[in-house]
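Reckoned from all heavy atoms, side chains included, excluding hydrogens, waters and symmetry mates. Every chain is numbered from 1 and lettered A, B, ... according to where its sequence line falls, protein lines coming before strand lines.
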Amino acid sequence: MYHVIESRFRQTLRELIRRRYKADITVATERPPRLEMGELASPVCFELAKRLKRAPPQIAQEIAGAIGKIEGIARLEVAGGGYLNAFLERPAFFSAVLARAGKEAVAPAPDASKNIVEHTNINPNKAAHIGHLRNAALGDSFVRLLRHTGRRVEVQNYIDNTGVQVADVVVGFVHMERKTAADVRALAAQARFDYSCWDLYARVTQFYGEDPAREGLRGETLKDIEEGRGATAEIAEVVSTAIVRCHLRTMERLGVEYDLLPRESEILRLKFWDAAFEQLKQRGAIRLATSGKNAGCWVMEMSSAAGAQDPPGPDQDPDEDVKIIVRSNGTVTYVGKDIAYQLWKFGLLGRDFRYRRFHTHASGHTVWVSCADGGESGAPAFGKADQVYNVIDSRQSYLQNVVVAGVRALGFTAQADRSMHFSYEVVALTPRCAAEMGYELSAEDAQRSFVEVSGRKGLGVKADDLLDRLEAAARGEVDQRHQQAPEAEREAIAHAIAIGALRFFLLKYTRSTVIAFDFKDALSFEGETGPYCQYAVVRARNIFRKLHEQQPEFVLDTRGVLPRQEKIAQLLASPAGNDFWELALLAGSLGTHVDAAVGAQEPAFIAKYAFQLAQAFNNFYHKHHILSEEDAERKTFLLLLTSAIERQLVRALQLLGIEAPEKM
RNA sequence: GCGCCCGUAGCUCAGUCGGAUAGAGCGUCUGCCUUCUAAGCAGAGGGUCGGGGGUUCGAAUCCCUCCGGGCGCGCCA
């Protein structure tokens, strides 16, 4: 609601300035620091003053006089040496908020642009850990935000089922454990197979460390897997598929769903790389190095591909600033395969996967997986996106740049511009937490503010362990408060709280912040947390539940039968009604925050908003006892306000993937 | 060496296009449960926005420089 008025204000100002002063200015707007200065302001006259060489207040005065009526804005005022401050029509805003609060996302138009969001992407060789949870939480919330704004979105979770990490675990099963394919198949059917692989993976790292010659096993194994040969490939397939199922189950616990699992095995088998290689060669995007250290490799020039102005000088080593795409032995690097995959996402490769059903989420939604031949009918039209977001941690930004440079070098400039690396910093552990996990810290590590998670070393907090701990902690709190509630209900509440705490914790930090994980912070249910926000919703609902118990016939009519418009205007009028007005304003600002979050690709903005709204409501809840309100019109007004806040808060939490329980 | 990110209250972090008096949580201290649930509320205390220079009517925000920290830069992924 607020953003509608804001953009109307901007546009009107811009047009007036263009007409009257023949200047084309992007109009900035902001929230004034205090409510007495209005709800919306623009400092545009300061900018205009420079161009016109006149005093800002004078221009502001002129504009305020000439602008005329703007829908939703009651009046304009000039203040603070040249600001244009707008005062909104409070009752109109309030009724608009009542009418629209909590509305479902707009359904995407059939011709709406299509977005692909790739996230999660966990190597299928071990259990998911806390770092993977950040990736999935960010990706999933961003998907929710995009859908909320009416975009078509396809969620892909790329499975590197033929990579070294899977090969390492296969080495463990074959060469350390001496297992056959049938043995591994039996193990994979057991519970927590991802946990046993987690341990095995760490032991394989030690196994290599004890005798460097053993690393040769990795290469052989990898080759067998890539070429789909014998028991090795079978074991890799069994392991990776079983672990992908574990990952889906883990992510389902926090409400994360996918549309498609594209796998590296199909990228190989369906020769995606060959198609990309042809294009790259034809367009001269890569060249065969004939001399120097890269002799025999196909390389991509990074400086020219990235569109750098200055070509490499004569004194510059031609081997520098290139990226090897095809090794001298003819095998393609990971980046090469990624370029092919990126081209496919945009429908530029000229090839497609086959698809079959892989899993059905609890919601009934089907997850499809790529396959090389056969395939099932009924698959949606995957790929062919207009916009691609790759949710990958910041350590891979160089490689993401190479991929985009490859797309650009093929002449697909528009697609290169629409290839977004949704980058974020990793989750590390505080030294205290690492020690708590049984990890021996070096003196150096103990001094640091955080310690890197390492799957290879087996150092990390496993996602399911964390979820279990959160649910147990939440359950303890629920049991204290609701001894009479049935078991299943208590469990459901504890689950909702655990997810609320976890997802809020992972999403409240902006992407560029390294999260130093600590159980104490993550298990907190107080202060700036998910449960705090959920609790505000529960409080609001309790008012209505109690009201219904007292007066079963009472129906809150949101169409404004009660109270009278004059009464609403009076209750919202400054200064006495400022508290109510401030709440209505905040409740009506969800759209503004969603726009900002999508624009900045920053779900943290929504976490911040949800907390602010919850906090404002808690404050209001404490100050105004609604059910004991004697003035019937005022009571209804307070109920209407509460209802609007509750719906907007539920909506904001839903964008974060957090559900509010009925009780807490 | 080159590239990217970060440095804001004791701690952990917000601060979106440069805008009016720099905010929140935690922790500390003081109050508030006979009330629509205290997973809460109110109050107190806490700042050289890493240092220095510059641009600007205006800088935590932009530019330069220095200091401190993280990450990347492989015929690994």
- Could you state the atom-to-atom distance from CG of Leu145(A) to P of rU16(B) in whole Å? 18 Å
Distances under 3.5 Å only, N/O to N/O: pair up the protein atoms with those of nucleotides 45-47 of chain B.
none

- Determine the Euclidean distance between corresponding C1' atoms of rA20(B) and rG72(B); express it in Å to zero decimal places. 41 Å
- Complement of rG58(B), any strand, by Watson-Crick or G-U distances under 3.5 angstrom: none
- Task: Go through the structure and list residues passing side chain to side chain contact (heavy atoms under 4.5 Å, CB included) with His482(A), not counting sequence neighbours.
- Result: Val478(A), Gln484(A), Ala485(A), Lys663(A)
- Hey, which sits more toward the 5' end of RNA chain B by its nearest nucleotide, Ser628(A) or Glu602(A)? Glu602(A)
- Item | Integer angstrom distance from the C1' of rC26(B) to that of rC64(B) | 37 Å
- What do you reckon, is CD of Glu549(A) surrounded by more than 12 foreign heavy atoms closer than 6.0 Å? yes
- Query: Is a salt bridge present between Asp168(A) and Arg456(A), judged by a nitrogen-to-oxygen distance below 4.0 Å?
  - Reply: yes
- Query: Out of rC36(B), rG58(B), rG19(B), which nucleotide sits closest to the side chain of Lys50(A)?
  - Reply: rG58(B)
- Message: Does Ala597(A) reach a base, just sugar-phosphate, or nothing at all? Heavy atoms under 4.0 Å.
- Response: nothing
- Just call it for Ala596(A): base, sugar-phosphate, or nothing, with non-hydrogen atoms closer than 4.0 Å on any strand. base
- Just checking Asn85(A): base, sugar-phosphate only, or nothing, at a heavy-atom cut-off of under 4.0 Å? base
- Selection from rU37(B), rC41(B), rA14(B) that lies nearest to any side-chain heavy atom of Asn619(A): rC41(B)
- Message: Could you tell me how far rA24(B) sits from rU8(B) if I compare only their C1' atoms? Round to whole Å.
- Response: 12 Å
- Note on the structure: Of the candidates rA24(B), rC5(B), rG40(B), the side chain of Ser512(A) sits closest to rC5(B)
- Query: If you look at every strand shown and take non-hydrogen atoms under 4.0 Å, does Glu526(A) touch a base, only sugar-phosphate, or nothing?
  - Reply: sugar-phosphate
- Message: By a 5.5 angstrom centroid cut-off and a 30 degree plane limit, is there stacking between His625(A) and rU35(B)?
- Response: no
- Phosphate oxygens OP1/OP2 of rA39(B): is one of them under 4.0 Å from a side-chain N or O of Arg481(A)? yes
- Message: Stacking between Phe611(A) and rA24(B), defined as ring centres under 5.5 angstrom apart with planes under 30°, is that present or not?
- Response: no
- Counting heavy atoms from C-beta on, name the nucleotide in rC41(B), rA39(B), rU12(B) closest to the side chain of Tyr532(A). rC41(B)
- Message: Side chain of Arg539(A), heavy atoms from C-beta onward: which of rG40(B), rA42(B), rC36(B) has the nearest atom to it?
- Response: rG40(B)
- Base, sugar-phosphate, or nothing for Val478(A), non-hydrogen atoms under 4.0 angstrom? base
- Item | C1'-based separation of rC49(B) from rA60(B) [nearest Å] | 5 Å
- Could you tell me whether His548(A) contacts a base, only the sugar-phosphate backbone, or nothing, with contacts defined as non-hydrogen atoms closer than 4.0 Å? nothing
- Does the distance from a Lys or Arg side-chain N to an Asp or Glu carboxylate O, for Glu425(A) and Arg134(A), drop under 4.0 Å? no
- Nearest to the side chain of Phe605(A) - rG40(B), rC36(B), rU16(B)? rU16(B)
- Please determine, for the side chain of Pro33(A), which listed nucleotide (rA20(B), rC41(B), rU37(B)) has the closest atom? rA20(B)
- Value for CZ (Arg539(A)) from CZ (Phe620(A)), rounded to nearest 0.5 Å, stands at 12.0 Å
- Item | Integer angstrom distance from the P of rC71(B) to that of rC13(B) | 15 Å
- Item | Spacing between Lys520(A) atom NZ and rG27(B) atom C1', to the nearest angstrom | 8 Å
- Nearest-nucleotide pick for Lys546(A), side chain only, options being rC26(B), rA20(B), rC36(B): rC36(B)
- Which base sits across from rG1(B) as a Watson-Crick or G-U pair, both distances under 3.5 Å? rC73(B)
- Query: Between rU30(B) and rC63(B), how far is it from one C1' atom to the other, in whole Å?
  - Reply: 48 Å
- Salt bridge or not for Asp518(A) and Lys520(A), using N-O below 4.0 Å? no
- For Ala607(A) and Leu507(A), work out which heavy atoms get closest and say how close. CB-O, 4.0 Å
- Task: Identify the heavy atoms of Thr221(A) and Ala167(A) that sit nearest to each other, and give their distance.
- Result: CG2-O, 3.8 Å
- Task: Scan every strand shown for a Watson-Crick or G-U wobble partner of rC41(B), both distances under 3.5 Å, and answer none if you come up empty.
- Result: rG31(B)
- Looking across every strand, which nucleic acid part, if any, lies under 4.0 Å from Asn542(A) by heavy atom: base, sugar-phosphate, or nothing? base
- Query: With respect to the phosphate group of rG3(B), does any side-chain polar atom (N or O) of Asn401(A) fall under 4.0 Å of OP1 or OP2?
  - Reply: no
- Item | rA38(B) and rC33(B), which share atom name P, separated by this distance in whole Å | 12 Å
- Item | Validation row, ring centre His119(A) to ring centre Phe422(A) under 6.0 Å | no
- Distance col, row Phe637(A):CZ vs Thr642(A):OG1, nearest 0.5 angstrom, shows 9.5 Å
- Message: So, taking the atom named SG in Cys45(A) and the one named CD1 in Ile63(A), what distance separates them when rounded to the nearest 0.5 Å?
- Response: 4.0 Å
- Query: Distance between the C1' atoms of rG15(B) and rA22(B), in whole angstroms?
  - Reply: 8 Å
- Query: Across the strands shown, which category fits Phe46(A) at heavy-atom distances under 4.0 angstrom: base, sugar-phosphate, nothing?
  - Reply: base
- Hey, can you tell me if Phe277(A) and Trp298(A) have their rings parallel, tilted or perpendicular (30° and 60° cut-offs)? perpendicular
- Scoring nucleotides 69-77 of chain B by protein non-hydrogen atoms under 4.0 Å (B base, S sugar-phosphate only, - none) yields -SSSS-BSB
- Indicate, with a heavy-atom threshold strictly under 4.0 Å, whether His421(A) touches base, sugar-phosphate, or nothing. nothing
- Note on the structure: Per atom distances to the Ile497(A) side chain, the nearest of rA39(B), rG25(B), rA38(B) is rA39(B)
- Query: Are Arg14(A) and Glu47(A) within salt-bridge range, i.e. N to O under 4.0 Å?
  - Reply: no
- Would you tell me if any nitrogen or oxygen in the side chain of Thr29(A) comes within less than 4.0 Å of OP1 or OP2 on rU16(B)? no
